[in-house]
Structures are given as structure tokens and as C-alpha cells.
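Working notes for the structure below.
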There are 2 protein chains.
Amino acid sequence: MTQTPPAKPRNASKTAAGARKAGRGPAKTDMAGIAAIDGGADVEQRIYQSVFDGVLNQRLPPGTKLPEPALCSLFGVSRAVVRKVLQRLEHDHIVELRPNRGAVVAAPTPEETRKIFEARRALEAALVELAVQRHSGKDIEELHALLHQEEEAMANAYQPAWAQTARNFHLRVAALGGNPILLAYLTELISRCSLIVALYEPAGNAACEHEEHCDIVDAISKGDAKRAVAAMNAHLVGLEERICLERPSSVKTLAQMLNLA
Amino acid sequence: MTQTPPAKPRNASKTAAGARKAGRGPAKTDMAGIAAIDGGADVEQRIYQSVFDGVLNQRLPPGTKLPEPALCSLFGVSRAVVRKVLQRLEHDHIVELRPNRGAVVAAPTPEETRKIFEARRALEAALVELAVQRHSGKDIEELHALLHQEEEAMANAYQPAWAQTARNFHLRVAALGGNPILLAYLTELISRCSLIVALYEPAGNAACEHEEHCDIVDAISKGDAKRAVAAMNAHLVGLEERICLERPSSVKTLAQMLNLA
DNA sequence: GCTCATAAAATCGTCAACGATTTTTAGAAA
DNA sequence: TTTCTAAAAATCGTTGACGATTTTATGAGC
């Protein structure tokens, strides 16, 4: 389950000095070292990814506390690196950092939800318009390939995988716009939307969404900017309307939620 | 010269334990303690603000190195807090953080510049359209007040002050759109644009820009969305066209550039 | 049994120090 | 003088520890 959150390729050259140090003092939690398989790769990205995936797959419901010491022993790193990752997650609105009170998984309010979708509509409209201007024939082929992937994911009926392909589709369309900055903003917004959808959507409208994706590609391939924008808007409005406001909750350990057990 | 970069109200309750500790060891730079007047207020915001202002006012040209130890002694804090601020500045694209090689003031390439302006046009177009829908009579009054401020700033002919009022105008118009998320993105982009404009614009087109601002307000007040969007676009295109690619450079100390001397 | 005050535990914010990497400087050879 | 090499300095990444704040647990009083 490898998602595609904002990648941070920096820090490619790691010291990895601490990771080699023998015992890092007696760990108090019984699950210490579970994720310390490591080896020296980019630990920050791994932690970010784990939390990100956990949130998107509903293993980490909103309000879940993410204590720094727990993450430290789970990933075998010191608090400084965990803290840095948490800051990045906060900036991406995945978690909320309350001073002196720790980090929790963000819980978007209905009002925020509305604004997030409104912003997303604005950005995707602008990007689709650019995509219509700038796309090539090869791009359309790739979009069709993505649509085919969606059909396969639908057949499997595994929601997280389907959601992933849907995200990919939107991001690929946006990439055709050719503006990395707008694309980065949209990536952020799609993450937040996915978080919300993962929480609230009853799931089961995949076929409907897929149809709408096809419409969008059709309009783009024909160079019909107006229709492409309209189709995208209708799609996003539909997505927002389908969400309802209940949320389940069960009691698990943090390691379980992060899929590290 | 108090700008308005993305405010971070968090960390309102500070420990301020370290700030009271007597001597923090002998400082090597002769300008140590200059900015340590402090008192316990929000230090992070002060550091962010200083660098931000320094960049916008051209005291910190692109490529200027920002060594952590220097900032530490200048502001009388440890590297942890400086490091946190630098991370925030990096995220806002004000500085660039090169692993193991330190932080430098960001130097946008011409290509980046084009993309930044393109993204800004897309966002401001969307926000102006929302503003036309949602503005009230009182909002128009406030915009007129801002336009009046611009005239005063023009009379003084002090470029940074004028740039500040121009920023305020755009942000206020955007605020009328009523979407905090799009507003936050635009705030980021306006900062980056200001950085670029401060660097490259020959300055002297204030009157011209002011006229265009007036046009925009006029269109909004009359509820003419199409004209408002067109006016905003024309304004931004003009702004981009006026920039040219030279840059001055002089040798100063970091304390001088940060206006702490 | 419930409520409130107190103490213990957990957690966070900051700091100083160590090791690693990069940059700069100094010096020898061509 | 220039160029290349090696040592020194500067700078960064990470860690462990200390104090402060918050949260949870405990127990007396009603």
C-alpha cells in the first residue's frame, strides 16, 4: 500500500549513525523495535508514509493521539526526527499539533470540509483548463491506461486500492496542466479530501465515479475546455454530496493502526 | 516595517526557560546579543519575521547564506528553534535548505518565476470571482480605504512601504472570496512574487499599478465578475512583464542585513 | 457513590554536546 | 604563478538530558 504523498527527496545522504548504535536504552513499550528493521534508508519518509497511509486507510481515526515517545520506539529514532516529521504532517493538515499537548490526527469540521472541496474545485478547474491546452496524444493514452486500472481496482472491490487509483487519476490530469506549484497545492488538497472521504463515504459509488472520470478524459481529448471543466466540477460536487457524517471507532494500539504488528 | 507573513499563533505559551539562563557560553561573533533584547515573547515569529522582511527589502539577496550559529547568537536562542524556523521558511520557499550545506535565501529561476505567476493568476482569478459573488457594501468601503492608503504610500515614494500596501490590497480582495485555504495558498504565492518583484522590478510603476487596482475594485463593486477577472489578469500579466533580470549585490554582515545593527 | 484537591506519571519544549560532512585554508610540487 | 593535496575550520544532523506543562491516578471529604 504505497501512497504518493508530497515526496521529500532531500536528506538523501543520511548519517545513519544513531541507527547503528547498539542499545538505545531500555524501551518501555513492549512493541519496541518492531519497525526498526530499517537499514539506513530514508527514515523520515517512512514515518511520514506510515502515518499518512494509516490515516487514509482509517486505521488512524481523527483524534488519535500520536505521542512522540511511541513513534520513537516504533521506528527506532530519536525525538528530533519524529518531531520534524510531525511538523511536516501538521503543515499538510494531516495531524494537529497542540502546544504541550501532543499531536493528534486532524479532524476536519463540516465547515472546513466545505472549504476544502471548494478550493479543490477551483484548483482542478484551473488545471483542467490548462490540461486541455497543453495535453498531447500520448497523455491521453496514459489517461486511458489509468482508467483501465480503475476498472481492475473496481473489480477487486478493495476500497483503499480503488481510492488510490482515483487519486492517481486526478493527479495525472492535474500534471498535464504543467504547473508544479498548482499541482503541489492540489496534491495537498487531494490528501485532505481523501482523509475526509475515507472517513465519511459509505463507499459503493466507484462505478459512478469511474464514469465521470471517463467523461473528463473524453472532454480533454476533444479539446473541449468548457465541457472538461464542467465535467470535473460536476464530479467533485457529486463526490462532496456523497459524504455523510458518521464515524466508526475501535480501540487498537498504535502499532496495529500503523500496520507494523 | 511589520509585514504580514503567514502567522503562526501556536506556541502561545512559551517555556522561556532557556532565555533566562545566565550566560550561554562565550559567543564568537562580535554582534552577539544585539537582538537578544527579547524578554520572552514569541521568538520564533520574530526570527521568521526578520528574515522575511530582510528578503523582501532586498537586504538579503538570493544566495545569502544563513548559518545556524549566526542566527543563534543574533537572536539568543539555541539551534533547535532556529532550525525549526528555517524549516518553516523553506516550506514557504523563502529559503532553500541544502542537506549538510546550510540554508540560503531562495533564488527563483526564470522558469519558476513564470510558473509562480501563472499559479497566482489562476488563484486570484478564482478568488476574485468568489469575491464578486460574496462581497458586501462594507467590503467595498474598506477596499477604497486601502486604495487611499496606496496613494499616500505612492506620495512617500518609499518602495518597501508601497509594496506592502499593494500586497495588502491583493490579500484583502482575496479575503472577500471567503475561502481560507485558497487565501493561504495565495498568501504564499504573493510572498514569493514579492521576493521576485523586490529583486527584479526597476520600480517606478506604482501609479500604473494603482490605476489597475482601482479598475479591479470598480468591477467588483458593480458585480461584473467577467470584467473583474479580466482586470485582475491584466494587472498580474503587466506585473510579470515589468520584471527584468538583473540583480545588485553588496557585501554586508548578516546583522546589518537583518536590520539589527 | 460522587466531587474535588493532591500527587504521580506522561509528555512536550529547549538545550548543549558529539560525530559526520562540507568548505576553506595552507603548503608543497610543477 | 598555478595546481593539486592535505589539514584545519566551519557547519550540519542527530542524540540524550533537563525543566515545564499537561494529563492521569489516588485518596480524603461530603
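Worth saying up front: this structure is predicted, and the values here are computed from it rather than measured. A note on names: the letters A, B, ... follow the listed sequences, proteins ahead of strands, and every chain is numbered from 1.
- When rounded to the nearest whole Å, the span between CG of B/Asn100 and C1' of D/dT11 equals 8 Å.
- In this structure, NZ of A/Lys65 is placed 12 Å from P of C/dA10, rounded to the nearest angstrom.
- Rounded to whole angstrom, the span from the NZ atom of A/Lys84 across to the P atom of D/dT14 amounts to 5 Å.
- Residue-to-nucleotide proximity on DNA chain D shows that, of A/Arg101 and A/Arg79, the 5′-proximal contact is made by A/Arg79.
- Straight-line distance from the CZ atom of B/Arg98 to the C1' atom of C/dT21: 13 Å, rounded to whole Å.
- Contacts classified as salt bridge (Lys or Arg N to Asp or Glu O under 4.0 Å) and involving residues 108-119 of chain B (residues at least two apart or in different chains) are given here: A/Arg134-B/Glu118, B/Glu111-B/Arg114.
- Legend: residues meeting salt bridge (charged side-chain N to carboxylate O under 4.0 Å, His left out) with A/Arg101, ordered by chain and number and at least two apart, are absent.
- Checking B/Thr187, B/Ile181, B/Asn179 one by one against B/Leu183, the side-chain contact (heavy atoms from CB on, under 4.5 Å) holds for a single residue, B/Thr187.
- For A/Val81, the side-chain atoms get nearest to D/dT15 when compared with the rest of D/dT15, C/dT11, D/dG13.
- Rounded to whole Å, atom P of D/dT23 lies 16 Å from atom CG of A/Leu66.
- To the nearest angstrom, C1' of C/dC15 lies 12 Å from CZ of A/Arg83.
- Following rounding to the nearest Å, A/Phe75 (CZ) and D/dT15 (P) show an atom-to-atom distance of 14 Å.
- Look at CD on A/Glu68: it is 6 Å from P on C/dG13, rounded to the nearest Å.
- With respect to the salt-bridge test (charged N to carboxylate O, under 4.0 angstrom), the residues B/Arg120 and B/Glu240 do not qualify.
- Of the candidate nucleotides C/dT11, C/dC15, D/dT11, C/dT11 has the atom lying nearest to any side-chain atom of A/Pro67.
- In the set D/dC12, D/dT14, C/dT14, the nucleotide with an atom closest to the side chain of B/Pro69 is D/dC12.
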